Amino acid sequence: MSLDYVTTILQGVPMTLLLTFAGLGLGIVGGIPLAVLRQSRIWPVRTLARLVIDLLRGIPIIVWLFIVIFGLGAYIQYDDVTLPVVLGLGLISSAYLAEIYRGGLAAIHAGQFEASTALGMTRLDTMARIVGPQIARISIPAAATYGIGLLKDSSIAFTVGVQEVMYWTNDVARTRSDAIGPYVAAGLLYIVLSVLCAWGARSLGGVLRRRVAR
Amino acid sequence: MSPEPKAVVDVWHLRKQYGDHVVLDSVDLQVQQGEVAAVIGPSGAGKSTMLRCINLLETPDAGAITVAGTTVDTGRSVRAKDLARLRRKVGMVFQSFNLFPHLTVLRNITLPQQRVLGRSKVEAEARAMELLTRVGLAEKATQYPARCSGGQQQRIAIARALALDPEVMLFDEPTSALDPELGLEVLTVMRELADEGMTMVVVTHEMQFARDVSDHLLVMADGGIIEQGHPERIFAEPAHERTRQFLRAVLDR
């Protein structure tokens, strides 16, 4: 009885974290323009943004990854599937983050816009300096919850051959008669990673929110 | 001899409606330099809407608004430049204070100065501290608004508006969200401001303030100004039946 497979599984941790943080990072940035377009005064822009968001969120991640890697893979030669997977996760995350931002915007008191406008601040200044920072702080808990979900969903990338935690788990499990050990170890590993991420997000959120007693 | 008084605020034939509901119907208003105009009347009369039209927080459906030489005519398309210039001349204080909760008290006052007037950080901070001292809150500079009482927040909001050196200050029921004692600190600051010659338009339910501090009293009801004149005169002998009814309701309680 040995636990030597644990070290094999742990090899996947950097890739799992890369998928999660790169995907979430792209989503945090990409969600901003999408949320802004979603609020556009021009209705075709608003409708288009909404369609894009619904499309990205409506299709399961595994289907998206199969479309991108196996579907488009017929036309595009991928040297390494990691990049397209990260971009795909980033795009899907943008849609989720855009909706989180929209919820944050709805929570901002109309008086904040009015005060900023009455002071003569431009629309851009109002968004970037008054309302934006407040939305960011409101959005932290929901974004963290999404990020933890993404950590677990990143295991789907194994199906297209990305060498993350689940890839290595499966790799060792196939060579053994008792596969239960590696899979349970992977499960525990995801729990540990989730707890660490939740703890990190909470302390970040606490630092930022202490300033805004709402 | 004092120079000919000139109107700092000149509102002409202002009209505002929401759907079929007419909130303001052909309202005219002139406020002279250094004058304190108080606007009273029952709720739903259109007082706040009129005030919010002066700095175009609400877009009027008809009429023209001139503030210190800058005119916005709703008949023509409003240029963003005129809008910005007009807003720069008007300071506004809200019922709900509307301080920015993510910024310190000092930053609430310096940020607009830097972004709107292009002042340097040093200039803006000097001006902010001067005004905070004037409203008695210099020690609150590094705090966040949530750490301040309602009365303090409103005084900070007044300082924030004054920091942009407006030609006229609009007050939209500045004490309505405050309990009477805290409202008093705000009224004291406003009284000092009036004594220093600031042009002010004050929508208020504080009858004492309207009577003692204002130079000109406007009574609004049902989307129009039904009566205006010297406050003493209107309080003593209101000409309009609706005014009598309103004053009875607010004074005899």
Side-chain angles (χ1 to χ4, degrees), chain A residues 28 31-32 35-36 39-43 97 100-144 201-214, chain B residues 48 51-52 54-59 80-81 83-105 107-118 142-148 153-154 156-157 159-166 169-172 177:
Chain A
I28 285 170
I32 296 170
V36 170
Q39 298 295 128
S40 171
R41 288 172 176 178
I42 307 158
W43 75 262
L97 267 298
I100 290 172
Y101 296 151
R102 197 162 70 91
L105 177 66
I108 305 283
H109 192 266
Q112 295 289 306
F113 292 92
E114 291 179 356
S116 188
T117 306
L119 287 163
M121 308 262 278
T122 61
R123 257 170 77 83
L124 184 64
D125 268 349
T126 301
M127 282 315 292
R129 292 169 184 274
I130 304 300
V131 178
Q134 295 185 58
I135 293 176
R137 276 155 214 198
I138 296 169
S139 301
I140 288 171
R202 254 200 309 279
S203 49
L204 172 71
V207 168
L208 292 175
R209 241 168 318 130
R210 208 168 304 141
R211 297 178 168 187
V212 192
R214 285 177 50 80
Chain B
S48 288
L51 202 68
R52 292 159 59 87
I54 294 176
N55 67 350
L56 293 137
L57 273 186
E58 303 277 353
T59 311
K81 217 176 72 184
L83 199 62
R85 185 152 19 130
L86 186 140
R87 285 196 178 126
R88 195 172 296 188
K89 292 174 177 176
V90 183
M92 186 160 193
V93 174
F94 299 86
Q95 183 179 342
S96 52
F97 330 135
N98 298 343
L99 293 179
F100 305 133
H102 62 300
L103 303 176
T104 62
V105 166
R107 197 75 188 114
N108 261 276
I109 306 175
T110 56
L111 180 69
Q113 294 183 66
Q114 291 175 249
R115 300 305 300 171
V116 178
L117 300 183
T142 57
Q143 295 276 10
Y144 283 88
R147 293 264 174 276
C148 303
Q153 290 193 44
Q154 193 62 298
I156 294 160
R160 181 175 69 177
L162 288 175
L164 299 177
D165 302 321
M169 287 281 284
L170 309 179
F171 293 84
D172 190 4

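Since we're looking at a predicted model, the values are computed, not measured. Each chain gets a letter, A, B and so on, in the order its sequence line appears, and its residues count up from 1.
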* Asked: To the nearest 0.5 Å, what is the distance between CG (Asn98(B)) and CZ (Arg160(B))?
  ->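 Between Asn98(B) CG and Arg160(B) CZ, I get 7.0 Å after rounding to 0.5 Å.
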Per-residue contact mode, [X] against chain A (heavy atom under 4.5 angstrom):
X         : result
Val116(B) : side chain
Phe94(B)  : side chain
Leu99(B)  : backbone

* **Arg87(B) and Asn55(B): side chain donor to acceptor below 3.5 Å** =>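 Judged by distance alone, the side chains do not pair up.
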* To do: Verify whether one side chain among Arg107(B) and Thr110(B) offers a donor that lies under 3.5 Å from an acceptor in the other.
  =>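 Checked: Arg107(B)/Thr110(B) side chains pair up, N/O donor to acceptor below 3.5 Å.
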* Asked: Can you tell which of Asn108(B), Thr104(B), Ile156(B) makes a side chain to side chain contact (heavy atoms under 4.5 Å, CB included) with Pro145(B)?
  ->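 Only match with Pro145(B) under side chain to side chain contact (heavy atoms under 4.5 Å, CB included): Asn108(B).
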* Top residue by heavy-atom pair count (under 4.5 Å) with chain A, among Met92(B), Arg88(B), Arg52(B), Arg85(B)? ->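 With the most close heavy-atom pairs to chain A, the winner is Arg52(B).
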* Asked: Looking at side-chain heavy atoms only, is the closest gap between His102(B) and Pro133(A) below 4.5 Å?
  ->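 The answer is yes; the side chains approach within 4.5 Å.
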* Side chain, backbone, both or neither of Ser116(A) within contact of chain B (heavy atoms, under 4.5 Å) ->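 Looking at Ser116(A), backbone and side chain both touch chain B.
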